[in-house]
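Single-structure report; data block below.
Numbers restart at 1 for each chain; the letters A, B, ... are given by sequence-line order, proteins then strands.
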There are 2 protein chains.
Amino acid sequence: MQPVACQVEGWQNAGAKIVETAAFMVSGTTNGEFPETMIKRTKGVTISQVADAAGVARSSVSRAFTRPDMLSPETVDRILRAAETLGYVPNHTARALSTGRHGNIGLIVPDIANPFFPPLIQAAQTEADRSDFCVFLGNTAESPKQEDKLVGRFAGQVEGLVLASSRLSDERIRAHARQLPLVLINRDIEGIPRVLIDSSAGVRQAVEHLANLGHRRIAYVSGPAASWSNKQRRSAIRAGTTARGMELSIIPTPAPTYQAGREAVASVLQTGASAVVAFDDLTAQGILTGLAERNIVVPRDFSIIGCDDVLGAMTFPALTSVSNHSADVGRIAISMLLDILRSRSVADVRYALDTKLVIRDTTAQAPGR
Amino acid sequence: MQPVACQVEGWQNAGAKIVETAAFMVSGTTNGEFPETMIKRTKGVTISQVADAAGVARSSVSRAFTRPDMLSPETVDRILRAAETLGYVPNHTARALSTGRHGNIGLIVPDIANPFFPPLIQAAQTEADRSDFCVFLGNTAESPKQEDKLVGRFAGQVEGLVLASSRLSDERIRAHARQLPLVLINRDIEGIPRVLIDSSAGVRQAVEHLANLGHRRIAYVSGPAASWSNKQRRSAIRAGTTARGMELSIIPTPAPTYQAGREAVASVLQTGASAVVAFDDLTAQGILTGLAERNIVVPRDFSIIGCDDVLGAMTFPALTSVSNHSADVGRIAISMLLDILRSRSVADVRYALDTKLVIRDTTAQAPGR
DNA sequence: ACTTGACATGCAACCGGTTGCATGGAAATC
DNA sequence: GATTTCCATGCAACCGGTTGCATGTCAAGT
């Protein structure tokens with residue numbers, strides 16, 4: 001088969017952007033002339049058709065599905081049988097319109113590729129599923145503008161929203177909370193239900209651990225300025241180092257990514273620090289690479305501690321990290337949101353999960369001691 | 001603040017499962033008595049209210065938003081102004097009900113935590129966004145049952161669906177394709193539009209690369225049985241090794257995960273192979289760890305090649321891998337789906353993207369040569 | 001001045017369910 | 001046997017938009 005330009009009819013429009021990608025091959029035929037031959041789509045069976053088939057009113061069909069106890073068992077049976085044979089499936093949209101509930105909840109995260117989020121997302125989805133809710137996931141790529149847009153777009157189609165590590169301003173978040181039920185993850189705004197990973201205990205242990213190993217001068221490679229977690233971790237470190245008379249340098253990064261960590265290494269080394277605490281594991285992993293590139297051996301020459309503990313033993317050497325329960329956070333946030341939806345009342349709940357340091361192979365005695 | 005049991009009213013129901021998680025603290029108050037004091041939610045402004053305010057019929061308001069060219073500029077202006085001051089925002093659900101299009105598309109993946117998917121998802125979301133579509137993401141956790149369920153639940157709320165690396169049977173997929181527009185990723189079913197990563201070229205190069213390095217006996221740590229990519233990669237390897245008279249062992253795994261790779265190492269070593277090709281990068285990374293645990297040095301003692309090339313330099317040593325364009329795949333799949341929705345006709349398109357080997361630091365001369 | 005069109009807007013049906021209220025028949029009560 | 005009660009079911013309005021068709025107005029054409 002020869003690589004050919006994409007000329008399949010009714011699809012060419014997308015050509016421009018597709019051509020730029022890679023070598024590719026397209027084969028196949030269109031069904032432009034016989035639109036019905038390929039896959040014929042079954043059009044929706046409505047409640048009225050079922051009603052006719054079963055010889056009852058539309059309302060009875062509706063009740064057979066939603067409140068079967070209101071009908072006699074035989075009628076229910078007859079209706080369900082008719083529905084079955086016709087292949088009836090309730091129209092979600094119509095139901096949503098009249099009841100006001102569509103059984104969807106939204107989950108918005110800043111970066112789906114950050115390993116912190118997948119477990120959280122997965123747990124959220126599982127929890128929602130238990131209550132027959134569907135999770136719509138949004139990814140903001142760390143952009144507040146994109147986040148605002150996504151929230152707006154989701155607003156009409158979900159009953160409630162979970163914002164994880166939101167990069168929006170307090171005002172924007174409050175504004176959205178006025179539109180629909182909101183639960184925050186790692187964002188502490190009074191009056192809005194929130195579940196937080198309280199890193200302070202873990203970070204305190206991290207500083208203590210480094211102090212015990214003889215490190216006197218350390219650096220914190222920070223996360224996004226809009227991140228609550230970042231502020232919290234930073235101040236916990238500052239408190240810890242100050243209390244022990246250690247020197248602390250703060251290294252800013254544009255976003256918590258592998259690349260950013262790698263690029264932060266230069267600045268870190270300039271500070272003369274012998275150990276670093278990174279905003280998250282991904283950043284720490286980048287730092288690990290940046291150090292390796294400079295032939296600095298971890299942990300012999302340099303110690304690293306991450307946060308989130310989501311990479312675990314997947315780095316080399318295995319990363320010492322501040323552990324949290326990212327999956328739990330997702331599950332709890334959804335659970336809170338569902339409860340709000342059920343009770344139709346918002347409690348000012350602030351749920352904080354504890355953290356602790358998990359020591360692995362990236363921390364050791366400070367060099368020269 | 002003392003850790004306290006969660007007794008916040010209207011939220012206790014979830015207590016059982018939350019208690020089991022970790023140390024936690026809850027503070028805050030409920031607004032049970034003054035449900036309106038905290039965050040007062042604005043209820044929806046309808047088209048009728050805008051119509052009244054602007055002194056026109058409901059239909060005109062509708063047209064002001066959807067077909068402004070049908071109205072006189074002044075009327076449009078007046079209506080928009082009224083809508084603005086009232087804070088009107090069109091009800092997505094109602095619109096969907098009457099038009100039949102809700103502007104959502106679904107994307108279902110087997111494992112969101114597998115680094116292959118995030119770039120794909122991100123690209124899909126961006127592409128959908130360009131056409132003002134919203135992506136609903138589903139995660140099946142590698143379970144066909146869960147996948148079936150998700151598809152069913154999505155069916156009512158999305159205009160079309162992209163199934164990435166589906167684990168469903170051909171029959172189930174065909175059945176779903178009868179219900180709504182479907183585009184497949186890495187699944188080759190005739191009659192259903194699909195975009196495929198054709199690993200054969202890259203895998204061929206991988207085998208050749210290993211052969212040139214003097215490896216005579218290699219292993220393939222395979223992926224899910226239901227995976228098309230797995231079958232394809234396996235047969236490409238088999239063809240390559242057979243052609244060169246190399247010995248090949250196939251090691252099965254339950255799922256393409258880090259853990260599975262790590263556990264596969266024992267079987268791999270039993271085969272006496274000096275090099276391994278893994279189904280994907282995640283599996284390869286697991287193998288890397290499994291080898292390190294046994295003090296087998298890569299690439300001196302053993303060579304590894306992954307597939308997908310999504311970890312890039314994030315492993316140590318940096319992983320040699322068969323590259324593909326996972327982001328492109330996501331973008332193209334969405335673009336195809338949108339085209340199908342626009343044209344309302346399904347073409348039997350088969351779009352295959354090429355791959356090539358990217359050599360890094362996990363492959364070297366076979367030991368003893 | 002009268003017809004013809006074009007154009008702007010309103011009317012009302014419709015999308016596919018849900019639900020408060022009315023109705024009718026059977027069972028229970030006196 | 002007449003009256004009350006209860007329960008199963010139907011009727012019709014409603015959710016909030018969209019859209020085909022009818023209507024009315026005003027300018028152009030003859």
Q) Can you name the residues that form a side-chain hydrogen bond (donor to acceptor under 3.5 Å, both in side chains) with Thr75(B), not counting sequence neighbours? A) Ser72(B)

**Q.** Set of residues satisfying salt bridge (charged side-chain N to carboxylate O under 4.0 Å, His left out) with respect to Asp132(A), sequence neighbours excluded
**A.** Arg153(B)

Q) Are any of the side-chain nitrogens in Asp69(A) or Arg63(A) under 4.0 Å away from the carboxylate oxygens of its partner? A) no

Q | For Glu147(A), all residues meeting side-chain hydrogen bond (donor to acceptor under 3.5 Å, both in side chains), sequence neighbours excluded | A | Ser166(A)

All N/O pairs under 3.5 Å across the protein-nucleotides 23-25 of chain C interface:
none

(Q) Suppose we screen for salt bridge (charged side-chain N to carboxylate O under 4.0 Å, His left out). Which residues come up paired with Arg81(B), at least two apart in sequence or across chains? (A) Asp77(B)

Q: Determine, for nucleotides 8-18 of chain C in 5'-to-3' order, which nucleotides have protein heavy atoms under 4.0 Å from the base (write B), from only the sugar-phosphate (write S), or from neither (write -).
A: SBBBBB-BBBB

Q) Would you call Asp148(A) and Arg167(A) a salt bridge, using N to O less than 4.0 angstrom? A) no

Q.
Taking Arg130(A) first and then Glu127(A), would you say they form a salt bridge - that is, a charged N and a carboxylate O separated by under 4.0 Å?
A. yes

